[in-house]
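Heads up, the thing below is written out as structure tokens.
Note that these values count all heavy atoms, side chains included, but never hydrogens, waters or copies made by symmetry.
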Amino acid sequence: MHTVIAGEKVKTMGLCHIAIDVSDIERSLKFYTEMFDMDVLDRTDRFIHLRTHGGHDSFFLFRADGPVNPRKGGLTYMHFGFKVDDENFEKALEYINKYDVKVHPNPARGPGRYVYIEDPDGYVIQLEPGTCE
């Protein structure tokens with residue numbers, strides 16, 4: 001294991017992108033664009049590049065060459081999160097209930113205002129209002 005001392009750490013300006021493999025690219029496109037109001041920036045036969053409306057993030061859906069199994073890493077810790085404001089958190093909860101989106105319990109997380117859900121391939125997504133800190 002490599003130990004990093006404070007002066008060696010790379011300082012970033014934030015996360016550039018998330019890229020995930022999906023088993024059905026059109027199904028995943030529908031899920032992410034309808035639930036999170038994401039815009040399609042580019043698409044090829046291999047991937048679709050999305051961005052949250054008005055944001056500066058990049059989210060890539062890649063057509064998987066084989067089975068997709070995000071559970072290999074363990075659902076409790078392997079996830080990605082979206083910061084939402086209070087109004088949109090409530091809208092997300094309504095969407096989750098209306099469309100029977102699978103809610104994933106995260107027993108390792110203490111009390112707080114957040115929800116973990118699963119996308120069509122089983123990726124865990126955290127929604128949390130506030131600053132994500």
Side-chain angles (χ1 to χ4, degrees):
M1 177 172 167
H2 175 68
T3 303
V4 178
I5 57 173
E8 294 178 336
K9 291 184 181 178
V10 175
K11 294 182 180 177
T12 70
M13 297 184 334
L15 185 65
C16 287
H17 66 270
I18 297 170
I20 62 172
D21 288 337
V22 297
S23 59
D24 181 331
I25 202 163
E26 294 302 324
R27 179 182 69 179
S28 292
L29 173 65
K30 180 176 172 35
F31 177 84
Y32 284 101
T33 57
E34 288 183 2
M35 181 155 185
F36 297 114
D37 191 25
M38 298 183 113
D39 301 319
V40 175
L41 297 182
D42 190 18
R43 79 180 289 159
T44 69
D45 61 337
R46 181 81 176 112
F47 71 85
I48 298 175
H49 180 190
L50 302 169
R51 175 168 289 156
T52 51
H53 188 73
H56 300 287
D57 52 10
S58 286
F59 188 71
F60 291 87
L61 304 173
F62 279 88
R63 186 181 314 276
D65 293 329
V68 174
N69 187 358
R71 288 181 170 87
K72 286 182 181 177
L75 286 175
T76 301
Y77 298 107
M78 188 178 77
H79 70 277
F80 52 92
F82 286 99
K83 176 177 78 170
V84 295
D85 61 22
D86 288 328
E87 179 183 343
N88 283 294
F89 184 74
E90 295 303 323
K91 286 180 185 177
L93 295 177
E94 290 171 13
Y95 184 96
I96 290 163
N97 290 326
K98 183 176 181 179
Y99 294 103
D100 294 321
V101 174
K102 185 174 180 183
V103 175
H104 174 73
N106 187 343
R109 180 77 192 260
R113 192 160 183 245
Y114 58 87
V115 64
Y116 291 85
I117 60 172
E118 291 186 26
D119 85 349
D121 284 298
Y123 287 101
V124 176
I125 304 162
Q126 177 184 346
L127 302 173
E128 184 170 1
T131 61
C132 295
E133 293 176 354

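Looking at residues two or more places apart in sequence or on another chain, you find a salt bridge (charged side-chain N to carboxylate O under 4.0 Å, His left out) between Asp86 and Arg113.
Between Glu94 and Lys98 there is no salt bridge, since none of the side-chain N atoms of the basic residue sits less than 4.0 Å from a carboxylate O of the acidic one. Using a cutoff of 4.0 Å between basic side-chain nitrogens and carboxylate oxygens, Glu87 and Lys91 are scored as salt-bridged.
In terms of heavy-atom proximity, Val124 sits nearest to Glu118 at CG2-CG, 4.3 Å.
A 4.5 Å side-chain heavy-atom check between Ile48 and Val22 finds every atom pair outside the cut-off. Side-chain atoms of Ile96 and Met35, non-hydrogen and from C-beta on, do get closer than 4.5 Å to each other. Counting heavy atoms from C-beta on, the side chains of Asp121 and Arg27 come closer than 4.5 Å.
Using the six-membered ring where Trp is involved, Phe80 and Phe82 have ring planes that are perpendicular, over 60° apart on the 30 and 60° scheme.
Residue Thr33 holds its OG1 atom at 9.0 Å from CE of Met38, rounded to the nearest 0.5 Å. Note that CG of Asn88 is 10.0 Å distant from CG of Leu127, once rounded to the nearest 0.5 Å. Remark: Asp37 CG to Tyr32 OH distance equals 15.5 Å, nearest 0.5 Å.
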Walk me through it: do Val115 and Phe89 pass the test side-chain contact (heavy atoms from CB on, under 4.5 Å)?
CA-CA 9 Å; Val115 64; Phe89 184 74; 4.1 Å; yes

Would Leu50 and Phe36 satisfy side-chain contact (heavy atoms from CB on, under 4.5 Å), going step by step from the backbone distance to the final call?
CA-CA 10 Å; Leu50 302 169; Phe36 297 114; over 6 Å; no

Checking side-chain contact (heavy atoms from CB on, under 4.5 Å) for the pair Phe31/Ile125: CA distance, chi angles, key distance, verdict?
CA-CA 12 Å; Phe31 177 84; Ile125 304 162; 3.9 Å; yes

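Hydrophobic clustering, defined by side-chain heavy atoms of Ile, Leu, Val, Met, Phe, Trp and Tyr closer than 4.5 Å, groups Phe62 together with Phe47, Phe60.
Here the side chain of Asp119 pairs no donor or acceptor atom with the backbone of Ser28 at under 3.5 angstrom. The closest donor-acceptor contact from the side chain of Arg51 to the backbone of Asp57 lies under 3.5 Å.
Considering Asp21, Asp24, Ile20, Ile18 as possible partners of Leu61, the one that fulfils the side chain to side chain contact (heavy atoms under 4.5 Å, CB included) test is Ile20.
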